[in-house]
Amino acid sequence: MKLVGTAFQIKVWKEINKIPKGRVKTYKEIAHLIGKPKSYRAVANACGKNPYLPLIPCHRVIRSDGYLGGYSGYGGIEEKRKLLIDEGFLDFKKDDPKK
DNA sequence: CACATGACCTAAC
DNA sequence: TGTTAGGCCATGT
């Protein structure tokens with residue numbers, strides 16, 4: 001496959017693509033993996049600008065607080081939540097990490 | 001080139 | 001414990 005975009009986005013998307021099923025990673029973790037721990041903001045941006053939505057599991061990327069954050073897909077954040085639940089990561093239908 | 005935006009994070013209040 | 005304010009980075013206009 002051929003990813004088209006900035007070098008930064010390519011790194012981010014590749015890292016996200018490495019995330020196994022049933023596992024999630026935080027934006028900060030991704031930023032740290034690409035060597036720019038301070039670029040978590042840009043990482044989230046790259047995910048939002050990600051044109052390979054069905055190709056890259058960007059729905060497996062959540063916030064460090066435990067909240068899902070958001071989703072640029074069709075169903076929006078709800079679809080993301082649904083996907084995570086389907087993968088067995090979330091057992092509850094709310095975005096409450098304490099629960 | 002300067003300003004504005006966003007699926008964020010941390011520290012304070 | 002919940003909310004607010006400031007900071008940080010890559011992109012787009």
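Proteins get letters first, then strands, A, B, ... in listed order; numbering begins at 1 in each.
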I want to check one thing: is the phosphate of B/dC8, taken as OP1 and OP2, less than 4.0 Å away from some side-chain N or O of A/Arg63? yes
Identify whether any heavy atom of A/Ser72 sits under 4.0 Å from a base atom; if not, whether one sits that close to sugar-phosphate; answer base, sugar-phosphate or nothing. base
Closest to the 5' end of DNA chain B, once A/Tyr71 and A/Lys28 are matched to their nearest nucleotides, is A/Tyr71
Confirm from the modelled atom types if A/Arg41 and C/dC9 form a donor-acceptor pair under 3.5 Å, side chain to base only. no
Closest nucleotide among B/dA7, C/dC9, B/dC9 to the A/Ala42 side chain: C/dC9
Do A/Arg81 and A/Glu78 sit within salt-bridge range, that is, some charged N less than 4.0 Å from a carboxylate O? no
So, does A/Asn50 use its side chain to make a donor-acceptor pair with the main chain of A/Tyr52 at under 3.5 Å? yes
What's the closest nucleotide to the side chain of A/Cys47 if the choices are C/dA10, C/dT11, B/dA7? B/dA7
Side chain of A/Ser64 only, please: which of C/dT11, B/dC9, B/dG6 is the nearest? B/dC9
Of the candidates C/dA10, C/dC9, B/dC8, the side chain of A/Asn45 sits closest to C/dA10
Please state how far atom NZ in A/Lys38 lies from atom C1' in C/dG6, giving the value in whole angstrom units. 13 Å
Would you kindly give the CG-to-C1' distance between A/Asn50 and B/dG6, to the nearest whole Å? 15 Å
Heavy-atom distance under 4.5 Å between the side chains of A/Lys49 and A/Gln9, does that happen here? yes
Of A/Lys36 and A/Tyr40, whose nearest nucleotide on DNA chain C comes first from the 5' end? A/Tyr40
Any A/Glu29 side-chain heavy atom under 4.5 Å of A/Glu15 side chain: no
B/dG6 P sits how many Å from A/Leu68 CG, rounded? 20 Å
Rounded to whole Å, please give me the gap between CD1 in A/Ile30 and P in B/dC8. 14 Å
Length of the CH2-P vector between A/Trp13 and C/dA10, whole Å: 15 Å
Given side chains that start at C-beta, do those of A/Leu53 and A/Tyr74 come closer than 4.5 Å, heavy atoms only? no
Between B/dG6 (P) and A/Tyr27 (OH): distance, integer Å: 14 Å
Report the distance from atom NE2 of A/His32 to atom P of B/dC9, rounded to the nearest whole Å. 14 Å
Send over the distance from A/Tyr67 OH to B/dA7 P, rounded to a whole Å. 17 Å
